[in-house]
Amino acid sequence: MSTDQFLVLGFVLGVLGGAAAIAAWADGRVPRLGAALLVAGLALALHAHVSKPGGYTAENLPDVIYGVIGDLIR
């Protein structure tokens, strides 16, 4: 996998983890799965940022996300 794919997968896991954590908290349960997904998403995004020479900037993120989606569609 490329660093772009790691970054996008980290974002997706982070969003899913956040939603799961909020849902668990609202139901009065311990958000174990949500927290695990958030940590995994953060780890993937951090790995991608550190592995890419020069890292990522905020201006690059839309191009990276759309590029990964385009690669999946093709």
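No experiment lies behind these values; they were computed from the predicted model shown.
Pairs passing the salt bridge (Lys or Arg N to Asp or Glu O under 4.0 Å) check and including a residue from residues 33-49, sequence neighbours excluded, do not occur. Applying the salt bridge (Lys or Arg N to Asp or Glu O under 4.0 Å) test to pairs two or more places apart or on separate chains, none has a residue in residues 35-50. For residues 17-28, every residue pair satisfying the salt bridge (Lys or Arg N to Asp or Glu O under 4.0 Å) rule, not counting sequence neighbours, is listed here: D27-R29.
Contact of the L7 side chain with the V68 side chain is not registered, since no non-hydrogen atoms from C-beta on lie closer than 4.5 Å.
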Could you pull out every donor-acceptor pair under 3.5 Å between side chains of residues 12-26 and any protein atom, sequence neighbours left out?
none

Side-chain donor-acceptor distances from residues 31-54 under 3.5 Å, at least two apart:
unit_1	atom_1	unit_2	atom_2	d
H47	ND1	S51	OG	3.4
H49	ND1	Y56	N	3.3
S51	OG	H47	O	2.8

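Under the side chain to side chain donor-acceptor pair (under 3.5 Å) criterion, D63 pairs with no residue at all, not counting sequence neighbours.
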